[in-house]
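No experiment lies behind these values; they were computed from the predicted model shown. This chain uses plain numbering: 1 for the first residue, then up along the sequence.
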Amino acid sequence: MTKSNKISMVIFMIIRILLILAGLYVLNLYIGPLISLGVINAGNLFGFALSGVMICCGAFWNPLADFIKKLWQSGGGKALISAFCVLTVIFFSVFFVTLNQVVKHSKYTADNQSTVIVLGCQIRGSEPSITLRARCRVASEYMKEHPDAVTIATGGQGADENLSEGQCIYNLMTENGIDGSRIFIEDKSTNTDQNIANAKKILDENGFSYNVAVATSEYHQYRASMICKKNGLEASSIPSPSSKRAKPTFFTREVFGVWAQWIKLAKK
């Protein structure tokens, strides 16, 4: 074996080890919510798939390289590989551009809005989720700082929920010291689109401003602002923070949520 071949073997071995280590790192980023909360969604499924691809590429480098070489030399193989590479570049380019927007909109931007819309989230029986408690906490803090503001608590009652999410938000915020007369309950919606569309009806009925502050999870703010804009509302953010371990999963999931929202808007 020549010296150059030995160097090549060492380089490829280093690349394989780095791919496997990178794959394990990605797996560690996304596995937290599954272990601690039993959460599995598009975010960590994407992370697991990406991790699996990286680990497999590192572990099976030689047979994969041989397969790609043979495919490249076969009829139509070049076109197939080229198309795959182009689509991969397009996918990740759009992915990271969208992720940048999700991160950009996760900052606190509310100033002096007189109406707060709190977006509902899962309740387990009668027990609000950690996420819903966090949304109510930041909304309550804003309401205390702005004594003339009102809140619209949104969210209907799911099959496994003992009360509506809107009512649960009302209960949590009054427990946090907010006068119940300042909270309007919307309890018919089942998703974010309906949360905001039904909240707008309450705005119209009471003559409230269309310049609203939305209290929801930090990763959810961009999509919420898109839906507000669709309904003619101008939205600022009151973001509730997610845990460090949950961020990769939920920020990634939100990218796909934004894409789904783009498709909905394109159909109209």
Backbone N/O of [Y] and side chain of [X]: donor-acceptor pair under 3.5 Å:
X	Y	result
Ser237	Pro239	no
Asn231	Leu233	no
Ser51	Gly47	no
Lys201	Glu186	no
Lys107	Val103	yes
Arg182	Met143	yes
Arg135	Leu119	yes
Thr249	Tyr30	yes
Ser114	Ala149	no
Gln221	His105	no

Parallel, tilted or perpendicular: which describes the rings of [X] and [Y], with under 30° parallel and over 60° perpendicular?
X	Y	result
Tyr219	Phe250	parallel
Phe95	Trp259	perpendicular
Phe91	Phe46	tilted

Which distance, rounded to the nearest 0.5 Å, do you find between the [atom1] of [X] and the [atom2] of [Y]?
X	Y	atom1	atom2	result
Met173	Ser140	CE	OG	4.0 Å
Thr252	Leu99	OG1	CG	6.5 Å
Glu165	Cys121	CD	SG	7.0 Å
Leu21	Ile14	CG	CD1	11.5 Å

Does [X] share a hydrophobic cluster with [Y], counting links as ILVMFWY side-chain heavy atoms below 4.5 Å and allowing steps through other members?
X	Y	value
Phe256	Leu29	yes
Ile11	Trp61	yes
Ile123	Ile130	no
Leu19	Leu24	no
Tyr25	Leu45	yes

In terms of heavy-atom contacts, Ala215 and Val138 come closest through CB-CG2, 4.5 Å
Taking every non-hydrogen atom, the tightest pair across Gly23 and Ile55: CA-CG1, 3.9 Å
When you look at Lys188 and Gln194, which way does the side-chain contact (heavy atoms from CB on, under 4.5 Å) test go after all the steps? CA-CA 8 Å; Lys188 304 300 181 185; Gln194 294 177 12; over 6 Å; no
Is the number of heavy atoms from other residues, nucleotides or ligands within 6.0 Å of CZ (Phe60) greater than 12?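 Open: at most 12 neighbouring heavy atoms sit under 6.0 Å from CZ of Phe60.
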Neighbour count above 12 (heavy atom, 6.0 Å) for Leu18 CG: yes
Does the side-chain contact (heavy atoms from CB on, under 4.5 Å) test come out yes or no for Thr151 and Phe184, once each step is laid out? CA-CA 6 Å; Thr151 286; Phe184 295 75; over 6 Å; no
Applying side-chain contact (heavy atoms from CB on, under 4.5 Å), run through Phe92 and Thr88 and close with a yes or a no. CA-CA 6 Å; Phe92 280 103; Thr88 299; 3.7 Å; yes
Check: residues 64-71 side-chain donor-acceptor pairs under 3.5 Å, at least two apart:
none

For [X] and [Y], which I'm curious about, is there any donor-acceptor pair between the side chains at under 3.5 Å?
X	Y	answer
Ser129	Arg124	no
Ser181	Asp179	yes
Gln167	Asn171	yes
Asp187	Ser164	no

Going by heavy atoms in the side chains, are [X] and [Y] under 4.5 Å from each other?
X	Y	result
Arg223	His220	yes
Val116	His146	no
Ile152	Asn195	no
Leu80	Phe84	no
Asn28	Arg245	yes

Please determine whether side-chain contact (heavy atoms from CB on, under 4.5 Å) holds for the pair Trp72 and Ser82, giving the CA-CA distance in whole Å, both sets of side-chain angles, and the decisive distance to 0.1 Å. CA-CA 9 Å; Trp72 182 262; Ser82 298; 4.1 Å; yes
Side chain to side chain contact (heavy atoms under 4.5 Å, CB included) partner of Ile117, the single match among Ile238, Val212, Thr216: Val212
